[in-house]
Undergrad: 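One structure, pasted below without further comment.
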Amino acid sequence: KFFAQVLVRACRQSMTMAQHMAQRGAVIAFSLLLGLANGLYGLPDVDVTGKLNVGILIMPGVFISEATAPFDMYKHVGGNNTMNVYFVADTMDPVYTYYGARLKPDYTFSNAPSPDVLVVPSGIGSHHSFLTAWYGGKTNADGTIQGATANDQPVTYYGNMTNLIDWVKTSAAAAQIVTSHCWGAFTLADAGVLDGKAATTFPGYTGTLKRYYPSIGSVVADKRWVVDGKVMTSNGAVAAFEACLAVIRHLYGELVASVVASGLVLSNENVGHSMDQYFRPSPTAGQNEAISATKVGILLLEGVFISEPAAPFDVFAHLGADLDVYFVGETSLAVKTYYGATMYPDYTIKNAPQPDILVVPSGSGSMTTDREKADVVAWIRSSAANATWVTSHCWGAFMLCQAGLCDKKAVTTFPGYYKELSEAFPKIGSVVKDNRIVKDGNLVTSNGGVAAYEAANYVVMKHFGVNRAKTVATGLVFSADNYQAMVGAHDAQYVPTPTSSAARSVALVVVPLVSNLLMAALA
């Protein structure tokens, strides 16, 4: 584990975007060469010498983070060179998530490659009782049950969708690892995959799962994820990052897992949960505070890192119908994220409503080409002038600074890029290196990745109240320290990835050596 942490720190030396991706890829390639996979957790052995297919089901009414978190985690394992990650749906039409964002499938049930790793997210159609209780579900003349998304797109109970269930059954039978997140366990149960198995689901619904599917062996309420044979089920949302990290560690070893955890800024407890070290959920909420109509505009540019827009979207949309959360593109055309997923803007910078909360995620061009887009920078500047909160995640801080919004302010960015930010924008007040979330006036910046969930919810806490933030944290399955990062944001209570002081001292010597050896070997 120490060796893994040393190499991760090599990746965090100041470098350009291209160097960052190249060196992270080099570390992953080096670890694969060493064969450091350790086969933990009871999952079956998998031959990883070739490329693994990872098929992620997306269906009408899916909860966005349940699909985007596994996509981002598995794509971080060397892009398409190691894991071929793709979305699968009934048709090639864009799929509406519950809160209205759209994702484009890469394949349909009829032509998708057989997955080695199957991912079944949750959505409002995961069980008929959910549809009828909360999402306007009615029974049609043919006996199917249909409800609707928040923007009135039809959603059929997934158990009534024969093509979907047949694909899950077939794919699960052939897959080497089968996973679900949140209520996705109900879909696996409908497909018979959980018969005789131990499983978990979204907290508070373990009893419901067992009641409707008595053939399940046992339902576990005090674990973030559970493995039985080749089947893994998780609590979903942020716990999906943890479960995926456990799968990555099983397949490729501690070194690759550490690189991925670093790249997506998982918290200490997220990493600990991925090792099944403890069970530390976020605190429960009291009486929710009143809420008022609020507009949240999220910039969506080509090359965006998918978790950076998805995280704030999911956080703010969890507050309900009073929040109008929308994506703003440079144009109205579909946007290709850095790892190849397709998302869609709701507005352009020419016609978007004035946001009360402005969100600027990061992307591959945030430090370079995006800063040269005068119209985009002007939109950020003008939107910020009338916004109550102005936020960025990861390298999105470079875009805020380009718009002149960071002068004399304290800000942060993706770990390892503090020097680049301060050198590019010398008028910044200070670049904070020891906190996941930094607030200065109405400006809130974060490290990105999982910290984007925390920082967005920090704004919820400041704008709407503590209990609203606790409710969102519970709904998105925050770990206790994900919530604590919000509470401690202004007091700089961030704790870096756990490394002893002795390990840090040795790292000062070993990191340059290992980094140089890696680069020399690959030259």
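Just so it is clear, the values below take in all heavy atoms, side chains as well, and ignore hydrogens, waters and symmetry mates.
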Undergrad: Just jot down the side chain to side chain contact (heavy atoms under 4.5 Å, CB included) partners of Ala311, sequence neighbours excluded, or say none.
TA: Ala452, Tyr453
Undergrad: Within the side chain of Asn482, is there an N or O that forms a donor-acceptor pair under 3.5 Å with the backbone of Glu454?
TA: no
Undergrad: I need the full list of salt bridge (charged side-chain N to carboxylate O under 4.0 Å, His left out) pairs touching residues 257-274, with sequence neighbours left out, sorted by first then second residue.
TA: Glu269-Arg280
Undergrad: Any idea how Trp389 and His463 line up, ring-wise: parallel (<30°), tilted (30 to 60°), or perpendicular (>60°)?
TA: perpendicular
Undergrad: Could you give the side-chain donor-acceptor pairs of residues 398-408 under 3.5 Å, partners two or more places apart or in another chain?
TA:
{"unit_1": "Gln402", "atom_1": "OE1", "unit_2": "Arg371", "atom_2": "NE", "d": "2.8"}
{"unit_1": "Gln402", "atom_1": "OE1", "unit_2": "Arg371", "atom_2": "NH2", "d": "3.2"}

Undergrad: Taking only residues at least two apart or on different chains, which pairs with a member in residues 374-403 satisfy salt bridge (charged side-chain N to carboxylate O under 4.0 Å, His left out)?
TA: Lys350-Asp375
Undergrad: Test of understanding: with side-chain hydrogen bond (donor to acceptor under 3.5 Å, both in side chains), list the residues that count as partners of Thr294, not counting sequence neighbours.
TA: none
Undergrad: List the atom of Ser332, the atom of Thr348, and the distance in Å for their closest heavy-atom pair.
TA: N-CG2, 3.4 Å
Undergrad: Search all heavy atoms of Asn268 against all heavy atoms of Tyr278 and return the closest pair with its distance.
TA: O-OH, 3.6 Å
Undergrad: Is there side-chain contact between Leu323 and Ile291, with at least one heavy-atom pair below 4.5 Å?
TA: yes
Undergrad: If we ignore angles and hydrogens, is there a donor and acceptor under 3.5 Å between the side chains of Ser234 and His181?
TA: yes
Undergrad: Restricting to side chain to side chain contact (heavy atoms under 4.5 Å, CB included), what partner residues turn up for Ala239, sequence neighbours left out?
TA: Arg224, Asn235, Glu242, Val477
Undergrad: Looking at every heavy atom in both Arg102 and Asp346, which two are closest together, and how far apart are they?
TA: NH2-OD1, 4.1 Å
Undergrad: Using the test side-chain hydrogen bond (donor to acceptor under 3.5 Å, both in side chains), find all partners of Asn467 that sit at least two apart in sequence or belong to another chain.
TA: none
Undergrad: May I ask you to decide if Tyr417's main-chain N or O and Thr413's side chain share a donor-acceptor pair within less than 3.5 Å?
TA: no
Undergrad: Scan residues 467-488 for pairs that pass ring-ring contact (aromatic ring centres under 6.0 Å, His included), counting only residues two or more places apart or in two chains.
TA: none
Undergrad: For the residue pair Ala89 and Ile58, what are the closest heavy atoms and their distance?
TA: CB-O, 3.4 Å
Undergrad: Taking side-chain hydrogen bond (donor to acceptor under 3.5 Å, both in side chains) as the test, write out the residues that go with Asn457, two or more places apart.
TA: none
Undergrad: To the nearest 0.5 angstrom, please state how far the CG atom of Leu476 sits from the CG atom of Asp314.
TA: 5.0 Å
Undergrad: Nearest 0.5 angstrom please: Met59 CE to Ile124 CD1, how far?
TA: 10.0 Å
Undergrad: State which residues pass side chain to side chain contact (heavy atoms under 4.5 Å, CB included) with Thr342; sequence neighbours excluded, sorted by chain then number.
TA: Lys104, Ala334, Lys336, Tyr344
Undergrad: How about Phe71 and Tyr339: are their ring centroids closer than 6.0 Å?
TA: no
Undergrad: With distance as the sole test, does Arg436 use its side chain to make a donor-acceptor pair with the main-chain N or O of Val450 at under 3.5 Å?
TA: no
Undergrad: Run the side chain to side chain contact (heavy atoms under 4.5 Å, CB included) check on Val315 and Val460 step by step: do they pass?
TA: CA-CA 8 Å; Val315 166; Val460 170; 3.9 Å; yes
Undergrad: Is a donor on one side and an acceptor on the other found under 3.5 Å between the side chain of Asn84 and the backbone of Leu52?
TA: no
Undergrad: Tell me which pairs pass salt bridge (charged side-chain N to carboxylate O under 4.0 Å, His left out) where either residue lies in residues 298-307, with sequence neighbours left out.
TA: none
Undergrad: Is the backbone N or O of Trp379 less than 3.5 Å from a side-chain atom of Ser382, with the two atoms forming a donor-acceptor pair by type?
TA: yes
Undergrad: Within the distance-only criterion (no hydrogens, no angle test), does the side chain of Ser65 pair as donor or acceptor with the backbone N or O of Ala237 below 3.5 angstrom?
TA: no
Undergrad: For Asp370, give me all partners under side-chain hydrogen bond (donor to acceptor under 3.5 Å, both in side chains), at least two apart in sequence or on another chain.
TA: Lys373
